[in-house]
Amino acid sequence: MNFWLFKSETTTWSWDQQRAKGDAGEEWSGVRNYQARNFMRQMRIGDLGFFYLSQKEKAVVGVVQIIAEAHPDSTTDDERWECVDIKAVRTLATPVSLQQIKSDPRLSEMVLVTNSRLSVQPVTEDEWAVICSLGGDAPS
DNA sequence: GCCAACGTTGGC
DNA sequence: GCCAACGTTGGC
């Protein structure tokens, strides 16, 4: 089991929209960055991820699960781009802000901190547990 | 709204 | 294959 982080903006794709898709989930389409795509290729069904909102909220707000492994991105004919499907699993009791993440020494190596522009990124098991704890959630 | 960091493109 | 120019992202 691996852990990931998906970055979105409320104005583009909100947590409410993601949750409204229910167990059917939705394609994480539109990624046009090789590093991000390569991480998606490594994802397996059942892996968990955080849903992070950049720009306005700047906080981890929920947990998602991979429900389909990498496949062609339906929003382009360009064969280079692939995406996975994810579904919302639960909302964190308390959103974990970027400020909190940056100020916590246990999270200083997070990709969110060291490479803030990467939109799909890996999260270590330790980082996963810390953020779940800060969010008032059991780390499962 | 600004700007630093980063990725991509294209000329050589 | 290098690198300058350009575009985009995202925190502040």
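When reading the values below, keep in mind they use all heavy atoms of this one structure, side chains included, and skip hydrogens, waters and symmetry mates. So that the names make sense, note that chain A is the first sequence line, chain B the second, and so on, each numbered from 1.
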- Pick the nucleotide of DNA chain B nearest each of A/Arg80 and A/Asn115; which residue has the one closer to the 5' end?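 Going by which nucleotide is closer to the 5' end, it is A/Asn115.
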
- Around atom CD of A/Glu125, are there more than 12 heavy atoms of other residues, nucleotides or ligands at under 6.0 Å?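 Incorrect, the count does not exceed 12.
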
- Could you tell me whether A/Phe51 and A/Trp28 have their ring centroids closer than 6.0 angstrom?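 Distance test on ring centres: under 6.0 Å, yes.
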
- For A/Lys58, which residues count as a salt bridge (Lys or Arg N to Asp or Glu O under 4.0 Å) partner, sequence neighbours excluded?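 For A/Lys58 there are no salt bridge (Lys or Arg N to Asp or Glu O under 4.0 Å) partners, ignoring immediate neighbours.
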
- At under 4.0 Å between heavy atoms, which parts of nucleotides 5-12 of chain C does protein reach? Answer with one letter per nucleotide, 5' to 3': B base, S sugar-phosphate only, - none. --BBBBSS

- Polar contact flag, side-chain donor to acceptor under 3.5 angstrom, A/Ser54-A/Arg117: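 A/Ser54 vs A/Arg117: no donor-acceptor pair found between side chains.
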
- Item | Modelled atom types, side-chain donor and acceptor of A/Gln121 and A/Trp4, under 3.5 Å |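 Distance-only check fails for A/Gln121 and A/Trp4.
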
